[in-house]
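Bear in mind the structure is a predicted one, so any value in this text is a computation, not a measurement. Quick note: residue numbers are just sequence positions, from 1.
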Amino acid sequence: MTASPRVQVRRPGKTNWRWIVAVVCAFGLAINYIDRSAISVSLPYMTKDFDITPGEQGLILSAFSWSYAIMQIPAGSLIDKFGERVMFGASVFVWSVCTGATFLASSFGMLFGLRLGLGIGESGAYPASAKTVSRWFPQRERARATSVYDSGARIGSAIATPVIAGIIGLWGWRWVFLIAGVLGILWALGWWALYRRPELVGRIGEEEMSIINEGRDEEAREAAAAGTEKAIPVLVLLRKRAVWAMMIGFFCVNFAVTFFLTWFPTYLVDERGFDLLKLGLFGAIPPICSIIGSWSGGLVNDALLKRGWSVTRVRKTCLVVGMLLCAVIGAAAFVPTAGLALALMSVSYFGSAFTIVTIWCLPADFVPASTVGVLGGTQNFFSNIGSALNPIVIGFLYGATGTFGLPLLLSGAVCILGALVFAFMLPRVEQIDFSRDVVTV
């Protein structure tokens, strides 16, 4: 990823810089999810210092998602305007400062405000990663590349529970946030120093550059014909059925998966009787399964494309199957033992990651590179309304019933709705024709 001030003569031979870029994005998203998970793992122990009710806990857990959702469209637009190098680094820097500052939190209001700041910072992470992949990978490799960076989020979730539990046991919950904040700031500085677009990286070989540029000329001609060399305005995107299907389907999977990022540790401690040691050991199992789900989503998508399946058939099959697997979280409400519940939740988290990898392939499938950031931010905006609602709804239902049974059933039902949306509402997966719309803008 060493930068060159101008395009250099390409060397013959194989290089794999594009996969290194995907791995670096994965590290960024791993930090992202460690920071997200920090408060959910710490919350059962933070209540000793803060006298907060279950309803207030739900507000703290959801604060991130509200600001994260609201900032998605602005973040996507800024990424398309200023580029992924500037905005991805800025995103990580802002959220890391907010995470580190939680070390000093002394009240409910301060915690709530810092969680809002975390959401503002993290809003650029996924759209920037999608934009990066659209620059560095041809369509036939984008699902695998997406699974690489998305698996960073899953790895972050998996290591968050045991690592954070260990830090809490050794030094207390405040040190969790300080360590995570410093780690993110170091990543941001490294990204700004090293990342450049592929045409500016002189070490890329001729063969890899030809792979990166595969299909670019055709995409450019299609964009010129449709008048979409520049980013498509959000209001134009919202006229399209495909965009609404993406947003609603993503809303459904995010509603369910947010349980694992917020209330899951509390569920294991309060409803299943886990102590800190068990929480650290067994609480990591579903996130580990989500890593496998993310990798599987990328491999299956690209393998089916290689076998000659149409893009529409591949994407819809993976989306529907993934959502149905995610829906088994509802069955966890009926099982008597913690082991069975943990197994069902592991399948559910696997399915959610499998689905999300496919979802993040859709922006580049439907729109030209100039609009990937905006569309990625748009679908992520709506999906994170689900993330924002989940902690509040679950907190209310848990407070009213004293059990997580009804919240788990609701999560499973929402996943089934998402499967129906992807099966019947999502249209043919191909570049959207904006020629008539753009003329009117």
[atom1]-[atom2] distance between [X] and [Y], expressed to the nearest 0.5 angstrom:
{"X": "Arg315", "Y": "Leu304", "atom1": "CZ", "atom2": "CG", "result": "10.0 Å"}
{"X": "Leu189", "Y": "Leu194", "atom1": "CG", "atom2": "CG", "result": "10.5 Å"}
{"X": "Met247", "Y": "Asn254", "atom1": "CE", "atom2": "CG", "result": "13.5 Å"}
{"X": "Leu178", "Y": "Leu183", "atom1": "CG", "atom2": "CG", "result": "11.5 Å"}
{"X": "Leu237", "Y": "Leu375", "atom1": "CG", "atom2": "CG", "result": "5.5 Å"}
{"X": "Ser77", "Y": "Phe82", "atom1": "OG", "atom2": "CZ", "result": "10.5 Å"}

Heavy atoms, side chains only, cut-off 4.5 Å: are [X] and [Y] in contact?
{"X": "Glu141", "Y": "Glu214", "result": "no"}
{"X": "Leu118", "Y": "Thr99", "result": "yes"}
{"X": "Thr258", "Y": "Pro391", "result": "yes"}
{"X": "Ile392", "Y": "Trp66", "result": "yes"}
{"X": "Val133", "Y": "Tyr149", "result": "yes"}
{"X": "Met323", "Y": "Val253", "result": "yes"}
{"X": "Ile185", "Y": "Phe93", "result": "yes"}
{"X": "Arg197", "Y": "Glu84", "result": "yes"}

Which residues share a ring pair (Phe, Tyr, Trp, His ring centres under 6.0 Å) with [X], sequence neighbours left out:
{"X": "Phe354", "result": "none"}
{"X": "Trp295", "result": "none"}
{"X": "Phe103", "result": "Trp175"}
{"X": "Phe264", "result": "Phe260"}

Can you name the nearest heavy-atom pair linking [X] to [Y], along with the distance?
{"X": "Ala364", "Y": "Gln431", "result": "O-NE2, 3.1 Å"}
{"X": "Ala125", "Y": "Asn32", "result": "CB-ND2, 3.2 Å"}
{"X": "Pro198", "Y": "Ile204", "result": "O-CD1, 3.4 Å"}
{"X": "Trp136", "Y": "Val201", "result": "CH2-CG2, 4.0 Å"}
{"X": "Cys361", "Y": "Ala143", "result": "SG-CA, 3.5 Å"}
{"X": "Phe259", "Y": "Leu408", "result": "CZ-CD2, 3.9 Å"}

Determine whether the aromatic ring centres of Trp360 and Tyr126 lie less than 6.0 Å apart.
yes
Between Trp244 and Phe251, does the ring centroid distance fall short of 6.0 Å?
no
Side-chain ([X]) to main-chain ([Y]) donor-acceptor, under 3.5 angstrom:
{"X": "Ser91", "Y": "Gly121", "answer": "yes"}
{"X": "Thr102", "Y": "Ala105", "answer": "no"}
{"X": "Glu208", "Y": "Arg18", "answer": "yes"}
{"X": "Ser294", "Y": "Ser147", "answer": "yes"}

The criterion is side chain to side chain donor-acceptor pair (under 3.5 Å); which residues satisfy it with [X], sequence neighbours excluded?
{"X": "Asp80", "result": "Lys131"}
{"X": "Thr358", "result": "Asn301"}
{"X": "Thr132", "result": "none"}
{"X": "Thr403", "result": "Glu271"}

Does Arg154 come within less than 4.0 Å of Asp150, counting only side-chain N to carboxylate O?
yes
Return a table of donor-acceptor pairs under 3.5 angstrom between the side chains of residues 409-429 and protein atoms on other chains or two or more places apart.
unit_1 : atom_1 : unit_2 : atom_2 : d
Ser411 : OG     : Pro407 : O      : 3.0
Arg428 : NE     : Glu430 : OE1    : 3.1

Can you list the steps and then say if Ile168 with Ser42 is a side-chain contact (heavy atoms from CB on, under 4.5 Å)?
CA-CA 8 Å; Ile168 292 171; Ser42 303; 3.8 Å; yes
Output, in order, the C-alpha distance, side-chain angles, deciding distance and verdict of side-chain contact (heavy atoms from CB on, under 4.5 Å) for Arg196 and Arg85.
CA-CA 7 Å; Arg196 299 294 185 273; Arg85 175 176 175 259; 2.8 Å; yes
What side-chain donor-acceptor pairs closer than 3.5 Å can you find for residues 343-353, not counting sequence neighbours?
unit_1 : atom_1 : unit_2 : atom_2 : d
Ser346 : OG     : Leu342 : O      : 2.8
Ser348 : OG     : Cys326 : O      : 2.7
Ser352 : OG     : Tyr349 : O      : 2.7

Any salt bridge (Lys or Arg N to Asp or Glu O under 4.0 Å) involving residues 373-397? Give me the pairs, sequence neighbours left out, ordered by first then second residue.
none
Please identify each residue that fulfils side-chain contact (heavy atoms from CB on, under 4.5 Å) with Val234, with sequence neighbours left out.
Ile73, Leu238, Val374, Thr378
CA sep, side-chain torsions, deciding dist, call: Leu362, Leu319, side-chain contact (heavy atoms from CB on, under 4.5 Å)
CA-CA 11 Å; Leu362 295 178; Leu319 289 167; 4.2 Å; yes
Run the side-chain contact (heavy atoms from CB on, under 4.5 Å) test on Val367 and Phe434 for me, step by step, so that the C-alpha distance in whole Å, both residues' side-chain angles and the decisive distance to 0.1 Å come before the verdict.
CA-CA 9 Å; Val367 298; Phe434 291 101; 3.9 Å; yes
